[in-house]
Undergrad: 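Mind having a look at this structure? Questions to follow.
Here is the naming used below: chain letters follow the sequence lines, and residue numbers restart at 1 for every chain. None of these values were measured; they are calculated from a predicted model.
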Number of protein chains: 2
Amino acid sequence: MSIDPLSATFAALADPTRRAILARLAKGETSVTELAQPFEMSLPAVTKHLKVLERAGLITRSREAQWRPCRLAPKPLKDANAWLEHYREFWEGSFDRLEDYLADLQGQKRPARARKVPTPKKPKRGAHT
Amino acid sequence: MSIDPLSATFAALADPTRRAILARLAKGETSVTELAQPFEMSLPAVTKHLKVLERAGLITRSREAQWRPCRLAPKPLKDANAWLEHYREFWEGSFDRLEDYLADLQGQKRPARARKVPTPKKPKRGAHT
DNA sequence: TGGTTATTTTCCCACCTGGTTAATTACGCC
DNA sequence: GGCGTAATTAACCAGGTGGGAAAATAACCA
C-alpha cells in the first residue's frame, strides 16, 4: 500500500461503500454489524473496508466486550481538505497564469496561441549547449 | 473502474505521481514529455497516469501538432471538495452527537460511557418483542 | 517520401483490491 | 466448560493498477 498518508486517505475515499460507512460514522460510533446492515455484502467484506479506513487513519476502533466499535477520525479528512484547498482558487475561477490560457482558449483563432505549448525540447537538435 | 465519478476522482488523487502532475498542471498547460521530466519513470508510465487523470475528468487534452498538451479541469476537484466540505464541521471540532462521545472519551473512567455502543441486537435473547 | 519528434499501444509482470465461503478467535453469560 | 454473538482470519478468485521494454502511430519538416 501507499507509504504516504495522503495517498492512503484518497485511496480509502475512492470507494462508495467506504464513503457510506464514513457518512454513517459521522452520525455516531457503531458496531461492525450495524455498519454492515445497509450493504448487500458479507461481513468479512465490511471488515476489509474497515481495515482500509483504519490504515488510512480515517477511523479508530475501540473494544467494548465483543464489539469493536468504529469512530470517525478527523485528521485525514482535514489533511485531504488542505490538499484540495490548495486548488480552490483554481476551481473558483481565478488562477495564476491559468486565466492566461483560458482567455487564450476563447480566442484560439488568433495566432497568438503559439506560446501555449512550451515546446519543451524542440530546438535541441542543434542548439542545446 | 469505478462507475461513480467521485470514486474515480479520489482514486486518481490517490497517487503521488498523479498529484504531482496536477500540481504542475496548475501552473500551466504542458506537454507529456515536459510533464514526465521530474519523474524517474518511463514515458508510457506517465501516459498511463494521464489516462487515469483523464478518465476521472481531472485533465483535458488537446492537440497541438504532435503534442497532446494537458490542462487541469476544475470540476472533479470542486466535487471532491464539496464532498469533503460535508465533513468540515466534523474536523473543525463541533459535530452532531459526535461531541457527545468525544466528551465521553475524556471522562471514560465514568461508568456513564455504557451507552457508547448502541448495543445493536444484544437484548434479543429474551426481551426483544 | 523519408526522417524526426511526441506520444501511445501492446505485451509482460508483480501486486493490491473487493468480493466470496469456511473456519477461528474473543467475549459474555449461565 | 460450553453456547451464542461479534468480528476476524484464511484461502481463493477475478480484475485493476503501476511499472517496464519494444513497437507502432501521429504529425510536422525537408
Side-chain angles (χ1 to χ4, degrees), chain A residues 1-4 7-8 10-21 29-37 39-56 59 61-70 114 116-128, chain B residues 1-4 7-8 10-21 29-37 39-56 59 61-70 114 116-128:
Chain A
M1 46 246 44
S2 356
I3 319 106
D4 70 300
S7 295
F10 281 133
L13 295 181
D15 183 286
T17 303
R18 287 195 291 264
R19 288 199 303 277
I21 288 176
E29 191 177 69
T30 41
S31 67
V32 177
T33 324
E34 181 75 8
L35 231 28
Q37 209 79 326
F39 306 110
E40 297 261 305
M41 67 188 70
S42 66
L43 218 35
V46 174
T47 295
K48 286 193 188 177
H49 280 302
L50 292 177
K51 216 174 264 185
V52 174
L53 290 170
E54 192 177 17
R55 264 193 321 215
I59 64 172
R61 321 201 53 181
S62 39
R63 171 165 275 287
E64 192 82 26
Q66 60 267 67
W67 295 273
R68 278 83 154 180
C70 306
K116 243 177 59 177
V117 166
T119 329
K121 255 107 204 179
K122 227 174 11 176
K124 187 171 53 180
R125 271 218 329 283
H128 77 300
Chain B
M1 44 246 45
S2 354
I3 320 105
D4 70 302
S7 295
F10 282 133
L13 294 181
D15 182 286
T17 303
R18 287 194 291 263
R19 288 199 304 277
I21 288 176
E29 193 177 66
T30 42
S31 66
V32 177
T33 324
E34 181 75 9
L35 232 27
Q37 207 79 326
F39 307 109
E40 296 262 304
M41 69 188 70
S42 66
L43 218 35
V46 173
T47 295
K48 287 193 188 177
H49 281 302
L50 293 178
K51 218 175 264 185
V52 173
L53 289 170
E54 192 176 19
R55 264 192 321 213
I59 65 172
R61 320 201 55 183
S62 39
R63 173 164 274 288
E64 191 83 27
Q66 60 267 68
W67 296 273
R68 278 85 156 178
C70 307
K116 243 176 58 176
V117 167
T119 330
K121 260 104 203 184
K122 225 179 7 184
K124 190 171 50 181
R125 269 217 331 286
H128 77 300

Undergrad: Could you tell me which non-hydrogen atom of A/F39 sits nearest to which non-hydrogen atom of A/T17, and how far apart they are?
TA: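 Closest heavy-atom pair between A/F39 and A/T17: CZ-O, 3.8 Å.
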Undergrad: Looking at every non-hydrogen atom in both residues, tell me the closest pair between A/E29 and A/P69 and how far apart they are.
TA: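 Taking every non-hydrogen atom into account, CG-CB, 3.8 Å.
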Undergrad: Between A/F39 (CZ) and C/dG18 (P), how many Å, whole number?
TA: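 These atoms are roughly 13 Å apart.
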Undergrad: What integer distance in Å separates B/L50:CG from D/dT17:P?
TA: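 In whole Å, D/dT17 P and B/L50 CG are 15 Å from each other.
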Undergrad: Starting from C1' on D/dT17, measure out to CZ on B/F10 and report it in whole angstrom.
TA: 19 Å
Undergrad: Sequence neighbours left out, what passes side-chain contact (heavy atoms from CB on, under 4.5 Å) with B/R19? Give chain and number order.
TA: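 For B/R19 the side-chain contact (heavy atoms from CB on, under 4.5 Å) partners, ignoring immediate neighbours, are A/D4, A/L6, A/S7, A/F10, A/W83, B/P16.
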Undergrad: To the nearest angstrom, how far is B/R61 atom CZ from C/dA6 atom C1'?
TA: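 Between C1' of C/dA6 and CZ of B/R61: 11 Å.
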Undergrad: Does the protein touch nucleotides 18-25 of chain D at the base, only the backbone, or not at all? Give it as B, S and - per nucleotide, heavy atoms under 4.0 Å.
TA: SBBBB---
Undergrad: Verify the contact: side-chain N or O of A/S31 to OP1 or OP2 of D/dA6, cut-off strictly under 4.0 Å; return yes or no.
TA: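 No, outside the criterion.
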Undergrad: Using modelled atom types and a 3.5 Å cut-off, is there a donor and acceptor pairing between side-chain atoms of B/R61 and backbone atoms of B/R68?
TA: yes
Undergrad: How many angstroms lie between atom CG of B/L35 and atom SG of B/C70, to the nearest 0.5 angstrom?
TA: 5.5 Å
Undergrad: Calculate the interatomic distance between A/K51 atom NZ and D/dT9 atom C1'; express it in whole Å.
TA: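 From A/K51 NZ to D/dT9 C1': 7 Å.
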Undergrad: Kindly give the heavy-atom pair with the smallest separation between B/A14 and A/A11, and that separation in Å.
TA: CB-N, 3.3 Å
Undergrad: With respect to the side chain of A/R63, which nucleotide from C/dC27, D/dT8, D/dA27 is positioned closest?
TA: C/dC27
